[in-house]
Amino acid sequence: ERLFKQPESSHLGDCPICCLPLPLDLQKSTVYDCCSKVICSGCCHADIFRDIHIDRRASLNFSCPFCRQQPDLTSIDEGFEKLRMKRIEANDQAAMRQEGSEQFKKGDHNKAFEYFTKAAELGDVDAHFSLS
């Protein structure tokens with residue numbers, strides 16, 4: 001019954017797995033760098049439980065619930081950076097916003113402004129907020 005009382009959509013879009021609106025609380029969803037998809041926590045938990053049900057050792061083999069890519073844990077930061085840059089080259093607005101946030105944290109405000117502007121031009125609402 002509660003399922004039908006949720007809003008029809010939000011500015012964050014829908015979860016690509018269950019097609020329900022993403023929660024407004026950003027702590028209840030996860031952005032994956034491999035495919036730049038935002039997945040709701042329910043689908044993340046369901047994926048983990050499914051993997052554990054199939055194979056008890058699966059909890060040690062983390063993979064993206066959407067694209068099933070397993071991260072290279074030896075150089076996890078470099079791997080995510082390469083994947084994010086690949087998504088930026090494909091004009092992915094979420095990856096551009098995330099890179100803008102990373103550049104802002106590093107103190108490079110000009111690059112952050114460029115990435116936020118590109119993401120906002122592609123229609124990312126959070127990038128508009130970051131620019132304001």
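Just the heavy atoms: all of them, side chains too, but no hydrogens, waters or symmetry mates, feed the values below.
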Which residues share a side chain to side chain contact (heavy atoms under 4.5 Å, CB included) with Asp25, sequence neighbours left out: Gln27, Lys28
Counterpart residues, side chain to side chain contact (heavy atoms under 4.5 Å, CB included), relative to His109 (two or more places apart): Phe104
Value rounded to 0.5 Å, distance of CG in Leu20 from SG in Cys43: 7.5 Å
Nearest-0.5 Å distance that lies between atom SG in Cys44 and atom CZ in Phe66: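 Here the interatomic distance stands at 12.5 Å.
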Any donor-acceptor N or O pair under 3.5 Å, side chains Glu102, Gln98: no
Side-chain donor/acceptor pairs under 3.5 Å, residues 110-130, sequence neighbours excluded:
| from | atom 1 | to | atom 2 | distance (Å) |
| --- | --- | --- | --- | --- |
| Thr117 | OG1 | Phe113 | O | 2.6 |
| Asp124 | OD1 | Arg97 | NE | 3.3 |
| Asp124 | OD2 | Arg97 | NE | 2.6 |
| Asp124 | OD2 | Ala127 | N | 2.9 |
| His128 | NE2 | Ala120 | O | 3.3 |
| Ser130 | OG | Asp126 | O | 3.1 |

Pair Ile17-Ile39, side chain to side chain contact (heavy atoms under 4.5 Å, CB included): steps then yes or no: CA-CA 7 Å; Ile17 297 174; Ile39 311 291; 3.9 Å; yes
Those residues that, when tested against Asp47, pass salt bridge (Lys or Arg N to Asp or Glu O under 4.0 Å) (two or more places apart):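 Salt bridge (Lys or Arg N to Asp or Glu O under 4.0 Å) list for Asp47, sorted by chain: Arg50, Arg68.
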Shortest non-hydrogen contact between Ser41 and Ser29, atoms and distance: OG-N, 3.6 Å
Pairs touching residues 85-96 that satisfy salt bridge (charged side-chain N to carboxylate O under 4.0 Å, His left out), sequence neighbours left out: Arg87-Asp92
From Lys105, Arg84, Lys106, residue fulfilling salt bridge (Lys or Arg N to Asp or Glu O under 4.0 Å) relative to Glu99: Arg84
side-chain hydrogen bond (donor to acceptor under 3.5 Å, both in side chains) partners for Gln93, two or more places apart: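 So Gln93 forms no side-chain hydrogen bond (donor to acceptor under 3.5 Å, both in side chains) with any residue.
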